[in-house]
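When a residue number appears, it is its place in the shown sequence, counting from 1. Only a predicted model underlies this, so the values are computations on that prediction, with no experimental measurement involved.
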Amino acid sequence: MATSETKEAAGTGPVDLVHLRRHTLGNRDLEREVLRLFARQAEIAMQRIKTVTDPAVLRENVHIVNGSAKGVGAWKVADRADAAERALIDGKTPDLAPLRAAIEEAGFYIDGLLEG
């Protein structure tokens, strides 16, 4: 099984649509709804992450983004969330800028898909 880094390097874009279609059994309406939910959930989690001071709550929100990203095939988001989670587990303060940037990139990509 390929790692998320391998999938990202393979040029799948901000969201791996083949992965998403496999998980939604090719149902385009479900695919669009899952993308919509992921984008909204990631946005909400990032808002929470900006204000949280408790490392356990921060880790929980990063973990939520990580799981959601893996579910839709947003490998770059998942990689950045993995890195932030590892830092938190190690008792370090993670650099969240790469995660924010990956979420923003995925959000723009998803917006473009949903408008089309």
Side-chain angles (χ1 to χ4, degrees):
M1 185 166 147
T3 65
S4 55
E5 290 88 355
T6 302
K7 290 175 184 173
E8 183 182 330
T12 59
V15 176
D16 181 345
L17 296 177
V18 173
H19 173 83
L20 180 61
R21 286 188 185 117
R22 208 172 28 249
H23 284 271
T24 57
L25 304 175
N27 182 322
R28 296 293 179 151
D29 291 334
L30 179 57
E31 190 177 300
R32 293 171 65 82
E33 184 61 23
V34 167
L35 286 172
R36 200 174 285 112
L37 288 170
F38 166 72
R40 183 68 183 132
Q41 183 180 40
E43 181 182 313
I44 290 168
M46 285 311 300
Q47 290 301 317
R48 289 182 185 147
I49 287 168
K50 286 180 187 177
T51 61
V52 72
T53 56
D54 181 343
V57 175
L58 177 59
R59 184 170 170 220
E60 178 182 322
N61 280 280
V62 170
H63 184 74
I64 288 168
V65 171
N66 193 355
S68 297
K70 289 176 180 175
V72 300
W75 305 123
K76 187 185 282 188
V77 174
D79 286 343
R80 301 322 181 256
D82 276 337
E85 274 194 272
R86 282 192 305 275
L88 287 161
I89 288 168
D90 292 342
K92 299 175 184 171
T93 301
D95 178 6
L96 297 172
L99 177 58
R100 284 189 200 101
I103 288 172
E104 186 174 298
E105 179 184 18
F108 285 131
Y109 182 77
I110 290 167
D111 286 347
L113 290 174
L114 295 176
E115 288 174 7

Any chance you could measure [X], atom [atom1], to [Y], atom [atom2], to the nearest 0.5 Å?
X   : Y   : atom1 : atom2 : answer
R21 : R28 : CZ    : CZ    : 3.5 Å
E60 : D54 : CD    : CG    : 9.5 Å
D29 : R32 : CG    : CZ    : 8.0 Å

Item checked: Closest heavy-atom pair and its distance - P55, L88 ->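 The answer is O-CD2, 4.3 Å.
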Original post:
When you look at K70 and D82, which way does the salt bridge (charged side-chain N to carboxylate O under 4.0 Å, His left out) test go after all the steps?
Top reply: CA-CA 10 Å; K70 289 176 180 175; D82 276 337; 3.5 Å; yes
With [X], which residues qualify under side chain to side chain contact (heavy atoms under 4.5 Å, CB included), at least two apart?
X    : result
Q41  : I64, S68
A45  : N61, V65
L37  : E33
L113 : L17, L35, Y109

* With sequence neighbours excluded, what pairs up with E85 under the side-chain hydrogen bond (donor to acceptor under 3.5 Å, both in side chains) test? ->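 Here the qualifying residues are H63, N66.
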_According to a hydrophobic-cluster definition based on side-chain heavy atoms being under 4.5 Å apart (Ile, Leu, Val, Met, Phe, Trp, Tyr only), do L30 and L114 belong together?_
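Hydrophobic grouping puts L30 with L114.
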Shared hydrophobic cluster for V57 and I49 (ILVMFWY, side-chain gaps under 4.5 Å):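 Shared cluster, yes.
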**Report entry** Residues in salt bridge (Lys or Arg N to Asp or Glu O under 4.0 Å) contact with R40, at least two apart in sequence or another chain
**Finding:**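 Partners of R40 under the salt bridge (Lys or Arg N to Asp or Glu O under 4.0 Å) test: E43.
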Side-chain donor-acceptor pairs of residues 89-107 under 3.5 Å, sequence neighbours excluded:
unit_1	atom_1	unit_2	atom_2	d
D95	OD1	A97	N	3.1
E105	OE1	K76	NZ	2.9

